[in-house]
Amino acid sequence: MKSSARRVLSSVLSTLLLAALVTSPVAQAGPVPIVEQTGFDRVLGQRIARAELYARTRPGFAGLVVHDRKTGAAWRNAHSDTLIWACSTPKLAMAVDLLLRDGSGAIELTDEDRALMHAMLNTSDNDAAHTLWNRYGGEDFASRFPSYGMTDMRFTDEHPHHWGWILTTANDLDRLMNFVLEKLPAQHRDYLVGELRAVDANQQWGVWGAGPAAKPGNKNGWSDDNDDGSWLVNTVGFVGPGERYTVAVMNNTQVIDGGFETGVETTTRINRILFDGYFG
């Protein structure tokens, strides 16, 4: 097939797919996303529109942010500022805090501390995070999280003021990831990029769905912390050459039985739509 014919066929198929999504009952719950005028190229703009329409067909709702660090273009959907339980994603903010405090001389991280930090990033080890939280300040950690971009985050009176009970937004997680990539000293940035690109299999979903060509890195979080026992499944990370794009998806599945699997499917598929094949 000639290249011109392939382009026409691709355009027709994209149009049919968007039409099918737009006419679904769930997709009609909100206006069709207009991405072309947000600064992304046409192809990525179409992918963002498809990802947003897909998210609307899924159980519950998802906050979604896509950010191009090179051009400054950003797509934030209607739920990007909705507070959702952060689950394990604040472990990334804890790592940022520990590295900065160690670098300033405020604390001195031991080899054991660094092994615990690796564990909480690589496998999302809760015990490692508990140990570091209690050892290096507890709730005082969170007083610095807004300076890393998490300006929406908050605790509640109903739950302990602890890393595992933080409400935050997809906007917060995107700002946190951009702080890591743009404001940390190079040695800390490189360490965290390396950790997030080498996460264990239990976190190879969500942003990881962008595919190997995207060279993704991510920190994920998941828990059945809603009052009714339904699941929250979150992912934040980066993709592309030079970690050009950041992505945050916070999925309040509102599903109890099978909620984790539902959220993993939703967050991974969103990132697959966005970036799988986009980088060649």
Side-chain angles (χ1 to χ4, degrees), residues 11 14-15 17-22 24 26-58 60-84 86 89 149-152 168-182 205-211 213-220 233-252 263 265-279:
S11 177
S14 295
T15 301
L17 175 59
L18 284 169
L21 285 168
V22 169
S24 75
V26 179
Q28 290 180 340
V32 177
I34 305 299
V35 185
E36 289 80 358
Q37 298 174 3
T38 59
F40 294 99
D41 66 66
R42 182 183 61 84
V43 172
L44 185 53
Q46 290 176 344
R47 283 172 171 260
I48 293 171
R50 288 169 53 204
E52 168 64 12
L53 289 170
Y54 165 77
R56 296 181 193 177
T57 71
R58 299 293 293 161
F61 63 88
L64 169 62
V65 180
V66 183
H67 180 210
D68 182 344
R69 296 195 307 115
K70 182 176 181 180
T71 68
W75 166 258
R76 306 177 191 279
N77 77 354
H79 291 293
S80 66
D81 61 355
T82 301
L83 288 166
I84 297 172
T89 55
M150 298 183 70
T151 54
D152 296 331
T168 196
T169 64
N171 286 331
D172 264 7
L173 294 185
D174 181 67
R175 287 188 291 262
L176 171 63
M177 186 56 64
N178 278 271
F179 183 92
V180 168
L181 296 173
E182 297 180 357
W205 48 267
V207 175
W208 209 264
K215 297 182 179 179
N218 58 234
K219 179 69 196 82
N220 295 341
V233 181
N234 307 321
T235 185
V236 61
F238 52 78
V239 299
E243 302 78 50
R244 174 171 173 172
Y245 299 94
T246 56
V247 188
V249 188
M250 299 192 74
N251 183 206
N252 188 335
E265 180 179 352
T266 297
T267 58
T268 304
R269 179 61 178 164
I270 285 172
N271 281 276
R272 187 170 295 130
I273 292 169
L274 286 171
F275 289 113
D276 191 22
Y278 180 69
F279 300 104

Residue pair N178 / T246, side-chain donor-acceptor N/O under 3.5 Å = yes
ask   = Between L173, T267, T82, which is the residue that forms a side-chain contact (heavy atoms from CB on, under 4.5 Å) with M250?
value = L173
key: Pairing of D81 and R76 as salt bridge, 4.0 angstrom limit   = no
query = Do D152 and T168 meet the criterion of a side-chain donor-acceptor pair at a distance under 3.5 Å?
reply = no
task = Classify the ring geometry between Y245 and F279 as parallel (under 30°), tilted (30 to 60°) or perpendicular (over 60°).
result = tilted
request  = With the side chain counted from C-beta on, respond yes when V233 and W205 share a heavy-atom pair under 4.5 Å apart, and no when they do not.
outcome  = yes
ask   = Can you list the residues that meet the ring pair (Phe, Tyr, Trp, His ring centres under 6.0 Å) rule with H79, with sequence neighbours excluded?
value = F61
key: Check: R58/Y54 side-chain N/O donor and acceptor closer than 3.5 Å   = yes
inquiry  = Please check: side-chain N/O of R47 versus main-chain N/O of I273, any donor-acceptor pairing under 3.5 Å?
reply    = yes
Matching residue for F275 among I270, V207, V66 - test: side-chain contact (heavy atoms from CB on, under 4.5 Å) = V66
key: L181 side chain reached by R244 side chain, heavy atoms, under 4.5 Å   = no
task = With the side chain counted from C-beta on, respond yes when W75 and E52 share a heavy-atom pair under 4.5 Å apart, and no when they do not.
result = yes
